[in-house]
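Nothing here was measured: the structure is a model prediction, and the numbers come from that model.
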Amino acid sequence: MRPRIFVLVGPTACGKTAASILLAKKLNAEIISADSIQVYRGLDIGSAKPTVQERQGVPHYMLDVADVTDKEFSVAEFQRRAAMDIQEISSRGKLPLVVGGTGLYINALTYPLQFTSVPGDPNIRAALRQQEAEEEGTLYKRLQQVDPQSAKRLHPNDSKRIIRALEVYEVSGRTLTSYGVDFANEASAEPPYRATIVGLTMERAALYARIEQRVDDMMRMGLLNETGRLFEAGYPHTLPALQGLGYKQLLRHLRGETTLKEAVEEIKRETRRFAKRQITWFKRDKRIHWLNTADYENMEALCNAMCSIYKQDDGEGEKK
RNA sequence: GCCUCGGUAGCUCAGCUGGUAGAGCAAGGGACUGAAAAUCCCUGUGUCGGUGGUUCAACUCCACUCUGAGGCA
């Protein structure tokens with residue numbers, strides 16, 4: 001029997017972390033973070049990583065598993081490691097509780113997605129980027145010749161995905177499209193786990209107010225110092241880890257390109273936009289049971305609601 | 001009290017000599033399969049301060065009025 005898991009999603013700052021700790025205690029669960037920034041060591045305040053104290057003894061996985069200089073961390077890596085953690089947790093009779101706002105990571109655990117065996121290659125990517133810089137539009141033209149189906153799927157401006165498609169071709173000699181299994185529709189294969197998925201929502205205005213508050217809190221807790229350490233370490237600011245909200249803007253400030261005030265305003269704005277994108281992503285996932293936090297008196301009531309959803313659900317998802 | 005300049009989108013503002021309005025930012029919607037807190041696509045949301053007048057037609061001209069800033073007494 002495939003293991004059951006509980007998945008808690010929602011936009012940034014909606015209260016996932018606090019809820020997850022209480023929920024873990026109620027369900028005898030251990031937490032697996034599905035957050036593309038919390039995986040990095042040293043990115044603590046800005047990623048809103050729960051502190052050891054906040055974790056209240058509940059074991060957490062997929063935190064601090066990569067170094068900031070790691071250019072290779074990816075969904076595939078996340079999927080591999082999280083899958084092992086899930087096996088291990090459920091083998092001990094505990095419930096794996098996946099919590100996070102990175103939609104792609106969530107899908108990597110809740111759909112039978114197989115990533116191709118073609119790992120990313122920073123050198124090839126850099127070379128391709130260079131070619132594009134020399135002649136705009138050249139990559140898309142090449143993709144049209146090499147892999148017309150992928151080209152059709154992608155917008156000519158979507159450089160990252162175009163680069164990935166060409167990378168697959170260069171590394172493996174096969175087109176991304178030819179790895180058809182990767183794009184298998186979800187119905188054709190069985191999902192790896194029986195997942196109950198709950199999403200936290202609240203009114204947009206309320207969420208934005210929380211985001212504003214949280215960014216101010218992060219600054220108070222020393223986000224500038226945390227970023228200062230990264231700055232002094234002299235890492236290239238193009239590292240994937242340093243694209244994280246907060247770090248990106250404060251590094252720009254530390255390089256003297258913006259005032260602190262401007263940087264903080266930018267963090268707030270970009271975080272709002274990020275939340276909007278997360279909402280768009282999760283909105284189309286019909287498996288999610290949505291709970292509006294405003295409908296519950298307190299965390300206790302909210303978590304009880306989640307528990308009863310878990311008990312009623314068989315984890316097989318919506319039959320659509 | 002008098003004079004001057006303003007009042008147009010959430011904000012800052014453009015709208016020549018009359019033909020019911022447009023930029024930037026903010027915002028909203030969407031995509032997403034090995035960088036995903038990344039990357040990309042789409043969208044103007046408006047009693048033009050109010051009332052009356054001139055006109056076929058008023059954001060635009062006139063009168064009055066409300067309101068903001070500055071100046072002179």
Stepwise salt bridge (Lys or Arg N to Asp or Glu O under 4.0 Å) check, A/Asp217 with A/Arg214: CA-CA 5 Å; A/Asp217 290 345; A/Arg214 190 161 79 160; over 6 Å; no
Intermediate values then yes/no, salt bridge (Lys or Arg N to Asp or Glu O under 4.0 Å), A/Lys26 and A/Glu300: CA-CA 10 Å; A/Lys26 285 180 183 288; A/Glu300 182 77 20; 2.8 Å; yes
Derivation and outcome, salt bridge (Lys or Arg N to Asp or Glu O under 4.0 Å), residues A/Glu30 and A/Arg92: CA-CA 11 Å; A/Glu30 299 188 359; A/Arg92 293 198 323 267; 2.5 Å; yes
Worked verdict on A/Asp64 versus A/Arg41 for salt bridge (Lys or Arg N to Asp or Glu O under 4.0 Å): CA-CA 4 Å; A/Asp64 302 316; A/Arg41 287 182 283 275; over 6 Å; no
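Across all strands shown, B/rC25 forms a Watson-Crick or G-U wobble pair, both distances under 3.5 Å, with B/rG10. When both pairing distances are held under 3.5 Å, B/rA69 makes a Watson-Crick or G-U pair with B/rU4. In a base pair of the Watson-Crick type (N1 to N3 plus N6-O4 or O6-N4) or a G-U wobble (N1-O2 and O6-N3), with each distance short of 3.5 Å, B/rC64 is matched with B/rG50. Searching all strands for a Watson-Crick or G-U wobble partner of B/rU17 with both distances below 3.5 Å returns nothing. Checking B/rU39 for Watson-Crick or G-U wobble geometry (two distances, each under 3.5 Å) identifies B/rA31 as its partner.
The nucleotide whose nearest atom lies closest to any side-chain atom of A/Lys283 is, among B/rA31, B/rG29, B/rC41, B/rG29. Nearest nucleotide to the side chain of A/Arg204, out of B/rG34, B/rG28, B/rG30: B/rG28. Residue A/Leu113 places its side chain closer to B/rU33 than to any other of B/rU33, B/rA31, B/rA35. Side-chain atoms of A/Phe115 lie closest to B/rG34 of the nucleotides B/rG34, B/rA31, B/rC40. You'll find that the side chain of A/Thr280 is closest to B/rA31, out of B/rU39, B/rG34, B/rA31. You'll find that the side chain of A/Pro119 is closest to B/rG34, out of B/rA31, B/rG34, B/rA35. Checking B/rG28, B/rG34, B/rA26 against the side-chain heavy atoms of A/Tyr208 singles out B/rG28 as nearest.
If you check every strand for non-hydrogen atoms under 4.0 Å, A/Asn107 touches nothing. A/Phe73 comes within 4.0 angstrom of sugar-phosphate atoms only, judged by non-hydrogen atoms across all strands, and of no base. As judged by a 4.0 angstrom heavy-atom cut-off over every strand, A/Lys268 is placed among residues making no nucleic acid contact. Base engagement by A/Arg164 is indicated by at least one non-hydrogen atom pair under 4.0 Å involving a base atom.
Here, B/rU67 and B/rA31 have their C1' atoms 47 Å apart, quoted to the whole Å. Taking atom C1' in both B/rA9 and B/rC13, the straight-line distance is 11 Å, to the nearest Å. Distance check on atom C1': B/rU20 versus B/rU60 gives 11 Å, rounded to whole Å. Across B/rG44 and B/rG24, the matching C1' atoms stand 13 Å from one another, rounded to whole Å. The separation of B/rU8 from B/rC48, taken at their P atoms, amounts to 11 Å, rounded to a whole angstrom. Taking atom P in both B/rG68 and B/rA58, the straight-line distance is 30 Å, to the nearest Å. Taking the C1' atoms as reference points, B/rC16 lies 15 Å from B/rC61, given to the whole Å. B/rU43 and B/rG6 are spaced 34 Å apart, taking the P atom of each and rounding to whole Å.
With hydrogens and angles ignored, no donor-acceptor pair closer than 3.5 Å exists between the side chain of A/Arg273 and the base of B/rA36.
Separating the CD atom of A/Gln79 from the P atom of B/rA35 is a distance of 13 Å, rounded to the nearest angstrom. Rounded to whole Å, the distance from CG on A/Leu104 to C1' on B/rA31 is 13 Å. Counting to the nearest Å, the C1' atom of B/rA31 and the NZ atom of A/Lys276 are 11 Å from each other. The distance between atom CD1 of A/Ile163 and atom P of B/rU39, rounded to the nearest whole Å, is 12 Å. With rounding to whole Å, A/Asn123 atom CG is found 14 Å from B/rA35 atom C1'. One interatomic measurement links the two molecules: CD of A/Glu270 to C1' of B/rC25, which rounds to 13 Å at whole-angstrom precision. Atom CG in A/Asn157 sits roughly 19 Å away from atom P in B/rA31 (whole-Å rounding). Following rounding to the nearest Å, A/Ile106 (CD1) and B/rU33 (P) show an atom-to-atom distance of 17 Å.
Distances shown here put every side-chain N or O of A/Thr102 at or beyond 4.0 Å from the OP1 or OP2 atom of B/rA36. Phosphate contact (OP1/OP2 of B/rA35, side-chain N/O of A/Tyr105, threshold under 4.0 Å): absent. Look at A/Arg272 and you'll find a side-chain N or O under 4.0 angstrom from OP1 or OP2 of B/rA27. The shortest distance between the side-chain N/O atoms of A/Arg161 and the OP1/OP2 oxygens of B/rU33 is below 4.0 Å.
A cation-pi arrangement is absent between A/Arg81 and A/Phe73, since the terminal nitrogen or guanidinium carbon is not both under 6.0 Å from the aromatic centre and inside a 45° cone about the axis.
Salt bridge annotation for A/Glu132-A/Arg142: absent, with no cationic side-chain nitrogen under 4.0 angstrom from a carboxylate oxygen.
The nearest heavy atom of RNA chain B to A/Gln38 and to A/Leu154 marks one nucleotide each, and the one closer to the 5' end goes with A/Leu154.
Of the N and O atoms on the side chains of A/Glu134 and A/Gln130, at least one donor lies less than 3.5 Å from an acceptor on the other residue. No side-chain donor from either of A/Ser159 and A/Arg129 sits under 3.5 Å from a side-chain acceptor of the other. Between the side chains of A/Gln38 and A/Ser33, at least one donor N or O sits under 3.5 Å from an acceptor N or O.
Proximity of residues 42-55 of chain A to RNA chain B (heavy atom under 4.0 angstrom from any strand atom) is restricted to A/Gly46, A/Ser47.
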Side-chain donor-acceptor distances from residues 267-275 of chain A under 3.5 Å, at least two apart:
from	atom 1	to	atom 2	distance (Å)
A/Lys268	NZ	A/Asp216	OD1	3.0
A/Glu270	OE2	A/Arg273	NH1	3.2
A/Thr271	OG1	A/Ile267	O	2.6

